[in-house]
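Below is one structure, written out as structure tokens, with a few remarks after it.
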Amino acid sequence: IQQNTGIIFLDNKYYLYSENKISAFYFDGNKIKIKIDLEKDEKIISLFKYKSEIYFLTNRSKLFKLNDESYELILDYETFISPNPIIIDNIIILFSVFGEAIEINLNNNNASNKGSFLINYGILDNYKSNKTDESIFYLYNSGTLLTLDKSSYLIKNNYYLEDLNILSNI
């Protein structure tokens, strides 16, 4: 297993994914390895299940559907994104490196802009989002915190974090 390899358990198998490879391991011992043809500096950042189908997303905002031993491109938004999308039911929220929030609806594969935000210098890491009844809090990087409306996914607030010591508890 390479560094930065993701793993996800789904149904009767588990998937390992890294940069441009996906491996499916069945609990009966069978395995499938798929090499994904990606552009230079493009890599897989997320793999997830929606309506019994397996999808994966790259850091260039390409959404693919996995079909047994092959894959198909579903959507190409043509922008670099942060490595931590928010996936809620049929919605994927992407955050571009240029300060845009983008909503992808998996029911119709449409993408829409949900607002812009200013990016403060910070370190990108594997930060998670937190939800309340009304908001989603998303740590874009160690210097930028976003608040999104939980029902519309529009950006409500954009905070700059100056004291990086608070991140030691996250």
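Since we're looking at a predicted model, the values are computed, not measured.
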Check against side-chain contact (heavy atoms from CB on, under 4.5 Å), Asn90 and Asn105: CA-CA 6 Å; Asn90 65 318; Asn105 185 320; 3.3 Å; yes

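- Under a cut-off of 6.0 angstrom, the local environment of NZ in Lys31 is sparse, with at most 12 non-hydrogen atoms contributed by other residues, nucleotides or ligands.
- Between Lys114 and Ser152 the shortest heavy-atom distance is NZ-O, 3.2 Å.
- Looking at heavy atoms from C-beta onward, Ile136 lies out of side-chain contact with Thr147 at the 4.5 angstrom threshold.
- Rounding to the nearest 0.5 Å places CG of Asn141 at 9.0 Å from CG of Leu146.
- Between the side chains of Glu100 and Ser116, no donor-acceptor pair of N or O atoms lies under 3.5 Å.
- For Glu134, the CD atom counts as loosely surrounded, since its 6.0 Å shell holds 12 or fewer non-hydrogen atoms of other residues, nucleotides or ligands.
- The 12-atom threshold is exceeded at CG of Asn107, counting heavy atoms of other residues, nucleotides or ligands nearer than 6.0 Å.
- The hydrophobic cluster containing Phe27 does not contain Tyr15, counting ILVMFWY residues as joined when their side-chain heavy atoms lie under 4.5 angstrom apart, directly or transitively.
- Residues Glu103 and Ile91 have side chains in contact (heavy-atom distance under 4.5 Å, counting atoms from C-beta outward).
- Put simply, the side chain of Ile86 does not reach to within 4.5 Å of the side chain of Tyr153, judged on heavy atoms.
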Full working for side chain to side chain donor-acceptor pair (under 3.5 Å) between Lys156 and Ser135: CA-CA 9 Å; Lys156 291 177 15 177; Ser135 299; 2.7 Å; yes

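- We find the CG-CD distance between Leu106 and Glu53 to be 11.0 Å, quoted to the nearest 0.5 Å.
- Residues Ile155 and Ile88 are members of one and the same hydrophobic cluster, defined by side-chain heavy-atom contacts under 4.5 angstrom among Ile, Leu, Val, Met, Phe, Trp and Tyr.
- If you take OG1 on Thr58 and CD on Glu42, they are separated by 3.5 Å, rounding to the nearest 0.5 Å.
- Taking every heavy atom of both residues into account, Asn120 and Gly143 meet most closely at CB-O, 3.2 Å.
- Nearest heavy-atom pair across Glu19 and Leu38 is O-CD1, 3.4 Å.
- Within a 6.0 Å sphere centred on CG of Asp68, other residues, nucleotides and ligands contribute 12 heavy atoms or fewer.
- Summarising the geometry of Leu66 relative to Phe56, their closest heavy-atom pair is CD1-CE2, 4.0 Å, with the distance given to 0.1 Å.
- The backbone N or O of Leu145 sits nowhere less than 3.5 Å from a side-chain atom of Asn157 that would complete a donor-acceptor pair.
- When all heavy atoms are compared, the tightest approach of Ile92 to Pro85 is CG2-CB, 4.1 Å.
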Lys65 vs Glu72, side-chain contact (heavy atoms from CB on, under 4.5 Å): CA-CA, chis, key distance, verdict: CA-CA 5 Å; Lys65 184 167 68 169; Glu72 67 178 293; 3.4 Å; yes

Verdict with reasoning, Ile102 to Tyr77, per side-chain contact (heavy atoms from CB on, under 4.5 Å): CA-CA 9 Å; Ile102 303 156; Tyr77 202 71; 3.1 Å; yes

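- Salt-bridge formation is not detected for the pair Arg60/Glu78: no Lys NZ or Arg NE/NH1/NH2 atom is positioned less than 4.0 Å from an Asp or Glu carboxylate oxygen.
- Checking each of Tyr17, Phe48, Tyr71 against Phe64 for a ring-ring contact (aromatic ring centres under 6.0 Å, His included) leaves exactly one that passes, namely Tyr71.
- Taking a 6.0 Å sphere around CG of Asp28, one finds it holds more than 12 heavy atoms contributed by other residues, nucleotides or ligands.
- A 6.0 Å sphere centred on NZ of Lys13 holds more than 12 heavy atoms belonging to other residues, nucleotides or ligands.
- Taking every heavy atom of both residues into account, Ser46 and Ile87 meet most closely at OG-CD1, 3.6 Å.
- Under a hydrophobic-cluster definition in which Ile, Leu, Val, Met, Phe, Trp and Tyr are linked whenever side-chain heavy atoms come within less than 4.5 Å, directly or via other members, Ile44 and Ile34 are assigned to the same cluster.
- Between the side chains of Ser82 and Asn84, no donor N or O sits under 3.5 Å from an acceptor N or O.
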Full working for side-chain contact (heavy atoms from CB on, under 4.5 Å) between Leu63 and Tyr55: CA-CA 7 Å; Leu63 178 66; Tyr55 293 85; 4.2 Å; yes

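- When ring centroids are compared, Tyr138 and Phe95 come within the 6.0 Å threshold.
- Distance check: Ile36 CD1 to Leu73 CG gives 11.5 Å after rounding to the nearest 0.5 Å.
- One hydrophobic cluster, built from ILVMFWY side chains closer than 4.5 Å, holds both Phe98 and Tyr140.
- With a 4.5 Å cut-off on side-chain heavy atoms, Ile81 and Leu57 count as touching.
- For the 3.5 Å distance criterion, the side chains of Lys150 and Thr132 fail to qualify, holding no donor opposite an acceptor.
- Lys62 places none of its side-chain heavy atoms less than 4.5 Å from the side chain of Leu75.
- Of the inter-residue distances, the one linking Leu154 atom CG with Ser112 atom OG reads 8.5 Å to the nearest 0.5 angstrom.
- Following chains of ILVMFWY side-chain contacts shorter than 4.5 Å, one cannot reach Leu16 starting from Ile8, and the two form parts of different hydrophobic clusters.
- Of the N and O atoms on the side chains of Tyr26 and Asp11, not one donor lies less than 3.5 Å from an acceptor on the other residue.
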